[in-house]
Amino acid sequence: MDADALLARVLPAARELLREAGARRLGAVCVGAAGMATLGDDLRARLPDAFADAFGVRRLALAADAVTAYAGALGQRPGAVVAAGTGLIALGAVPEDRTARRGGTDGAYGTEGRGAGGGGGVAAGGGAGIGWAADRTADGLTADRTTGGRTPDRLTGGRTTDRPTTDRLPGGWRRADGWGHLLGDCGGGAWIGRAGLEAAMRAHDGRDGGSKPLLARLEAVFGPAAELPGKLYPRPDRPAVLASFAPEVGRCAAEDPVAEGILRDAARHIAEAAEAVCPRLESSVVALTGGLFRMGAPLLTPVREELAARLPGTRVTEAAGDPLDGALCVAAALATDELRLPRDPGLLTVV
């Protein structure tokens with residue numbers, strides 16, 4: 001996200017919410033933004049001075065949206081979150097005060113063989129989430145305020161195996177996927193929608209693997225099948241268009257084995273990402289967050305089955321809160337010098 005565009009939206013909203021809270025100044029701020037990990041140099045260069053000039057902020061956390069999704073889902077507990085919307089990313093973390101359980105050879109991400117634990121989580125989507133802790137009085141009492149609302153419940157985290165294909169991140173984070181619809185995001189909304197549209201086009205052509213129910217839904221949503229390429233390819237928001245068809249796959253799954261198979265394949269990808277990132281600790285939780293999981297049973301049932309097979313004994317739960325809750329969690333912890341989530345040059349920096 002462009003720094004100018006973000007500041008134009010965020011600074012006026014922050015001033016209004018600060019006024020509503022009756023707070024004198026901001027004690028700490030967390031900005032969570034899509035693209036922070038890979039395209040965030042401009043944000044990291046410009047936001048500290050902008051918030052300092054506007055609000056006198058001296059404690060600022062700049063986080064990838066996957067990190068605020070993690071904090072919203074699990075707080076500062078160890079574990080993993082799979083965030084799935086248009087795309088899909090899994091993120092696991094071991095906060096600074098946690099240690100590995102016995103038997104690991106690489107800290108909390110030790111190697112004990114496949115199937116030891118579980119969990120991953122998604123953060124998907126764009127935009128920015130802002131959370132802050134605002135000083136209300138001169139004696140240091142604070143009022144928490146965010147556009148998201150509540151502080152999430154704290155959950156305990158999990159254990160898993162060392163996977164050679166996982167992106168090993170310094171500072172206690174581990175990431176899997178989130179590489180965009182051309183290189184990954186396997187099991188996400190765009191992936192499911194594209195697979196459903198391919199099955200529909202196969203039915204249109206009379207090829208194996210086609211689905212007449214999905215073809216009917218394609219034509220109801222987009223018009224004649226032969227015209228779909230001309231409508232889809234010129235659009236700059238192709239991933240979102242593909243993802244918009246994912247609910248149609250879910251609606252067809254109960255009676256269409258092709259649609260059901262697409263969702264089972266998606267569930268396998270989701271479970272693989274979760275397995276790859278969760279830390280190896282005594283208790284383990286996989287939190288699922290993001291709009292894709294609102295599809296309900298057609299996707300959640302095979303996801304839970306895949307997770308149970310890959311990560312036996314791991315508890316699977318819905319996220320306690322959303323990324324805006326996560327931004328508040330990080331800001332509140334930063335204000336009291338209790339931020340334990342691992343620092344990382346791309347994922348979470350504190351200035």
Side-chain angles (χ1 to χ4, degrees), residues 1-72 75-76 93 95-96 123 126-152 170-173 321-351:
M1 175 176 288
D2 176 74
D4 287 331
L6 185 147
L7 290 169
R9 293 167 55 187
V10 167
L11 293 184
R15 290 189 183 96
E16 177 61 20
L17 289 170
L18 189 62
R19 183 191 64 78
E20 292 178 7
R24 296 182 180 180
R25 63 188 180 87
L26 295 178
V29 171
C30 172
V31 178
M36 186 74 77
T38 54
L39 302 172
D41 289 346
D42 185 40
L43 298 179
R44 283 185 286 270
R46 298 186 55 192
L47 263 56
D49 287 343
F51 278 95
D53 293 343
F55 303 111
V57 173
R58 293 295 177 263
R59 286 176 288 185
L60 173 65
L62 302 176
D65 57 348
V67 170
T68 53
Y70 181 98
Q76 296 199 81
E96 294 170 356
I130 309 296
W132 60 77
D135 291 340
R136 183 184 295 276
T137 63
D139 61 5
L141 297 177
T142 62
D144 293 334
R145 181 75 175 178
T146 183
T147 51
R150 62 201 181 281
T151 298
W173 292 105
D322 62 22
L324 287 173
D325 298 312
L328 173 59
C329 174
V330 172
L334 184 61
T336 56
D337 294 323
E338 295 179 351
L339 183 61
R340 303 191 315 274
L341 292 176
R343 311 303 200 267
D344 176 84
L347 291 174
L348 178 61
T349 58
V350 175
V351 294

Seminar exercise, completed: Residue set satisfying salt bridge (Lys or Arg N to Asp or Glu O under 4.0 Å) with R58, at least two apart, ordered chain then number -> none
Exercise. Do V351 and R44 pass the side chain to side chain contact (heavy atoms under 4.5 Å, CB included) test, and can you show the C-alpha distance, the side-chain angles, and the key distance before you say yes or no?
Worked result: CA-CA 9 Å; V351 294; R44 283 185 286 270; over 6 Å; no
Side chains of [X] and [Y]: does their closest heavy-atom pair fall under 4.5 Å?
X   : Y   : result
C30 : T68 : yes
P48 : L60 : yes
V31 : V10 : no
F55 : V29 : no

For this session: Ignoring hydrogens and angles, tell me if any N or O in the side chain of D49 forms a donor-acceptor pair with the backbone of R46 under 3.5 Å.
Result: no
Can you see which heavy atom on [X] is nearest to which on [Y], and at what distance?
X    : Y    : result
D337 : R59  : OD1-NH1, 4.0 Å
G75  : C329 : CA-SG, 4.0 Å
A28  : A331 : CB-O, 3.5 Å
L334 : A61  : CD2-N, 3.8 Å
Y70  : A93  : OH-O, 3.5 Å

Exercise. For the atom pair CH2 (W173) and CG (L347), what is the distance rounded to the nearest 0.5 Å?
Worked result: 7.0 Å
For this session: Decide yes or no on side chain to side chain contact (heavy atoms under 4.5 Å, CB included) for L62 and L47, but give the supporting numbers first.
Result: CA-CA 9 Å; L62 302 176; L47 263 56; 3.9 Å; yes
For this session: Taking side-chain contact (heavy atoms from CB on, under 4.5 Å) as the test, write out the residues that go with E338, two or more places apart.
Result: T336
